[in-house]
Protein chains: 2
Amino acid sequence: MTAEGESPRRQSKGERTAGRILDVAEDLFARQGYEGTSLRQIARGAGIKEPGLYNHFAGKQALYEAVLHRALNPMAEAMAGQIESASRLRDYTDLPSVMTDLLLRHPQMAALFQQALQGDRESVGNQLVTQWLETLFQQGMRSLEGLEPAVTPNAQAQDRETLAINVIAMFNLTTGYFLSQRAFSILAQGDLQDPDNIARQKRLLHRVVRAMLVS
Amino acid sequence: MTAEGESPRRQSKGERTAGRILDVAEDLFARQGYEGTSLRQIARGAGIKEPGLYNHFAGKQALYEAVLHRALNPMAEAMAGQIESASRLRDYTDLPSVMTDLLLRHPQMAALFQQALQGDRESVGNQLVTQWLETLFQQGMRSLEGLEPAVTPNAQAQDRETLAINVIAMFNLTTGYFLSQRAFSILAQGDLQDPDNIARQKRLLHRVVRAMLVS
DNA sequence: GCGATAAATGAACGATCGATAATATTTGGG
DNA sequence: CCCAAATATTATCGATCGTTCATTTATCGC
């Protein structure tokens, strides 16, 4: 999530500094993890001294949660909008593609979410992401199980566990793509964010969804 | 990787202690990450004081690399054996299933590998895992691209980028499963290591591979 | 069982961590 | 333009990090 594009006079100095801090912190947290990132690094990246951070955030933990919150909100809203406006059947199965487009605009969010998800269960960060996943997964479950009979009338009903495993697979497939830039450069030259490769990934996502529906 | 099952007199005291240290370190590194784990924690878990660690490992970094090495070697050998003994075509497409069985015996290795893969590019740990992935991926690529015409004579040849994306997807699908226990408990009750769920996952893996082959 | 060697310990080091207090500077509304 | 409020800085804190050293204790081949 990069800084808002508003005109520099619409924001007060404090707001601009807070935005810069969030930008730097998001990048560093995603690349180095929570414990691996120091407030000194963040302050230096934002062009201020360390104690200045405390004029905008209560502490390291609060800053981390603010980063997650700012990254999670647009994603949640956009996905909610997509889900709500899904009138035709195929709109539901497009969910991974939509999520890919959203992650494409903020590629480091994938790493941020995965870390928060693997992190301390009691932490606010973990609960934030877990809560988001909850609604997302519930919707994914409803999609798969609701569509299946319509699309493939002769398909047998799948048990809840299989549905869950499928939804989780789609999530891992979608986010994992953005965590695999290094692996990709081993196998082929190029950038995973290249439109051609994004198109290839979306094609794969659709094929996998279809493979899940037709059992 | 749990301690060797050898009789307690076959190992010297030092070897036994080193093994305990590796066990504890592997668990903590996988759950909390490299920076998030302190040598004090590891020492306490192994039942010794902190300086005692230095009788067995040169330092934190060396201990971390030893953990990765001990976890990576059996996996690499087992996969190499599977690949070498693959006479029939389907042996190749079974590779994700074989990897699932291996990871099932040491579920925390998935987290370990992902962390090392995302971590510092210069680090020895990253290079260790990257090197392993390289051979694994090369083999996966060769499988997919070599098998395709045989299995589906009417399928068009896929470009290298698509192959790479497919191989990466299979890797993310296979390892991501073992990182998703929390997500699974949101959607359904149960343990992802339950044989029934493992069977469901393997069924999914095979379906996805098939979906990749028949373009 | 003796003795060399391996292993474990207590004490302490410098470095860095997140955080606080006191002070200086800048901002921006009246 | 002024002055209260917002923002930034300097100095410093205690805690914890990884690591080292000198010493004690345990191991195990002979």
Side-chain angles (χ1 to χ4, degrees), chain A residues 3-4 6-26 28-29 31-68 115 119-120 122-125, chain B residues 3-4 6-26 28-29 31-68 115 119-120 122-125:
Chain A
E4 307 283 335
E6 303 189 38
S7 76
R9 268 309 118 198
R10 185 71 184 174
Q11 287 183 320
S12 72
K13 177 179 174 69
E15 288 171 322
R16 269 181 287 126
T17 303
R20 257 183 302 131
I21 294 174
L22 285 173
D23 291 340
V24 175
E26 177 176 309
L28 292 178
F29 280 144
R31 292 212 324 261
Q32 312 179 357
Y34 179 79
E35 285 91 359
T37 302
S38 71
L39 293 182
R40 283 162 169 77
Q41 270 187 296
I42 297 174
R44 185 160 42 83
I48 61 174
K49 304 296 176 184
E50 204 179 344
L53 296 175
Y54 292 85
N55 284 324
H56 306 276
F57 303 96
K60 187 182 186 181
Q61 186 67 33
L63 172 56
Y64 178 68
E65 291 164 15
V67 166
L68 268 188
Q115 285 175 23
D120 185 9
E122 323 268 324
S123 71
V124 183
Chain B
E4 306 284 335
E6 303 188 37
S7 77
R9 267 310 116 198
R10 184 68 183 173
Q11 286 184 319
S12 72
K13 177 179 174 69
E15 289 171 321
R16 270 181 286 124
T17 303
R20 259 183 302 129
I21 293 175
L22 284 173
D23 291 340
V24 174
E26 177 175 310
L28 291 178
F29 281 144
R31 291 212 325 261
Q32 310 177 355
Y34 179 78
E35 285 92 358
T37 302
S38 72
L39 292 182
R40 284 162 169 79
Q41 270 186 296
I42 296 175
R44 185 161 42 84
I48 60 173
K49 304 297 176 183
E50 208 179 344
L53 295 174
Y54 291 85
N55 284 325
H56 306 276
F57 303 95
K60 186 181 186 182
Q61 187 66 33
L63 172 56
Y64 178 69
E65 290 165 15
V67 167
L68 269 187
Q115 285 175 23
D120 186 9
E122 322 269 323
S123 71
V124 182

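The structure presented is a predicted model; accordingly, all values stated were derived computationally and were not measured. Residue numbers start from 1 in every chain, and the chains themselves are labelled A, B, ... in the order their sequence lines are given, proteins ahead of strands.
Taking every side-chain heavy atom of Pro51(B) into account, dT20(D) is the closest of dT20(D), dA7(C), dT9(D). Closest to the side chain of Lys60(A), out of dA8(D), dG18(D), dA19(C), is dA19(C). For Ile48(A), the listed nucleotide lying nearest its side chain is dT9(D); candidates were dA19(C), dT9(D), dT19(D). You'll find that the side chain of Ser38(B) is closest to dG18(D), out of dG18(D), dA8(C), dG18(C). Of the candidate nucleotides dA8(C), dC17(D), dG18(C), dG18(C) has the atom lying nearest to any side-chain atom of Tyr54(A).
What separates CD of Gln11(A) from C1' of dT7(D) is a distance of 15 Å, to the nearest Å. The CZ-P distance, from Phe57(A) to dA8(D), rounds to 11 Å in whole Å. Summarising the geometry, the separation between CG on Leu53(B) and C1' on dA8(C) is reported as 11 Å, rounded to the nearest angstrom. In this structure, the NZ atom of Lys49(B) is 6 Å from the P atom of dG10(C), given to the nearest Å. What separates CD of Glu50(B) from P of dC21(D) is a distance of 16 Å, to the nearest Å. One can place CD1 of Ile42(B) at 13 Å from C1' of dC17(D), the figure rounded to the nearest angstrom. Atom CG in Leu39(A) sits roughly 21 Å away from atom P in dT12(D) (whole-Å rounding). One atom, CD of Glu15(A), and another, P of dT27(C), lie 15 Å apart when rounded to the nearest Å.
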* Given Leu63(A) and Lys60(A), is the side chain to side chain contact (heavy atoms under 4.5 Å, CB included) satisfied, shown in steps? -> CA-CA 5 Å; Leu63(A) 172 56; Lys60(A) 187 182 186 181; 5.7 Å; no
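Side chains of Phe29(A) and Leu68(A) form no contact here, defined as non-hydrogen atoms less than 4.5 Å apart. In this structure the side chain of Leu39(B) reaches within 4.5 angstrom of the side chain of Tyr54(B), judged on heavy atoms. The closest side-chain heavy-atom distance from Leu22(A) to Phe57(A) is below 4.5 Å.
Arg40(A) has a side-chain polar atom (N or O) that falls below the 4.0 Å cut-off from OP1 or OP2 of dC17(C). When the side-chain nitrogen and oxygen atoms of Thr17(A) are compared with OP1 and OP2 of dA8(D), one or more of them lie within a distance under 4.0 Å. Taking side-chain N and O atoms only, His56(A) has no distance below 4.0 Å to OP1 or OP2 of dA6(D).
Interface remark: the Asn55(B) side chain does not form any donor-acceptor pair with the dA6(C) base, using a distance-only criterion of under 3.5 Å.
Side-chain contact of Gln61(B) with Tyr34(B): a donor-acceptor pair under 3.5 Å is present, judged by distance alone.
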